[in-house]
Amino acid sequence: MTCRVLLRLTYLAMSSALALLRLLPMSDREKDVEILTPRHQLLVLQRQVGKPPFTDIDRTISSPSPVS
């Protein structure tokens, strides 16, 4: 179990380090584009999908329960 955790932590550390190294040679404009592109994609997807309708069960689960 601990071996899997250590392997996962090593993987996360290495992928973060590689992502940081990839950003070093970029200009500020390229970094801004890198940030804005996923935001735009998310907005387009939200417009296409819309909000799901709530059912009575959803409202019951998400409503706060009275404190006794």
Checklist entry - Rounded to the nearest 0.5 Å, how far apart are CG of Leu21 and OG of Ser16? => result 11.0 Å
Checklist entry - Rounded to the nearest 0.5 Å, what separation is found between the CD atom of Gln41 and the CG atom of Leu43? => result 10.5 Å
Item to check | Distance-minimising heavy-atom pair for Lys31 and Met26 | outcome: CE-O, 3.6 Å
Item to check | Hydrophobic cluster of Val49, others only, ordered by chain and residue number, side-chain cut-off 4.5 Å | outcome: none
Checklist entry - Can you tell me if CG on Leu45 sees more than 12 non-hydrogen neighbours from other groups inside 6.0 Å? => result yes
Checklist entry - Knowing that exactly one of Val44, Thr37, Leu36 qualifies, which makes a side chain to side chain contact (heavy atoms under 4.5 Å, CB included) with His40? => result Val44
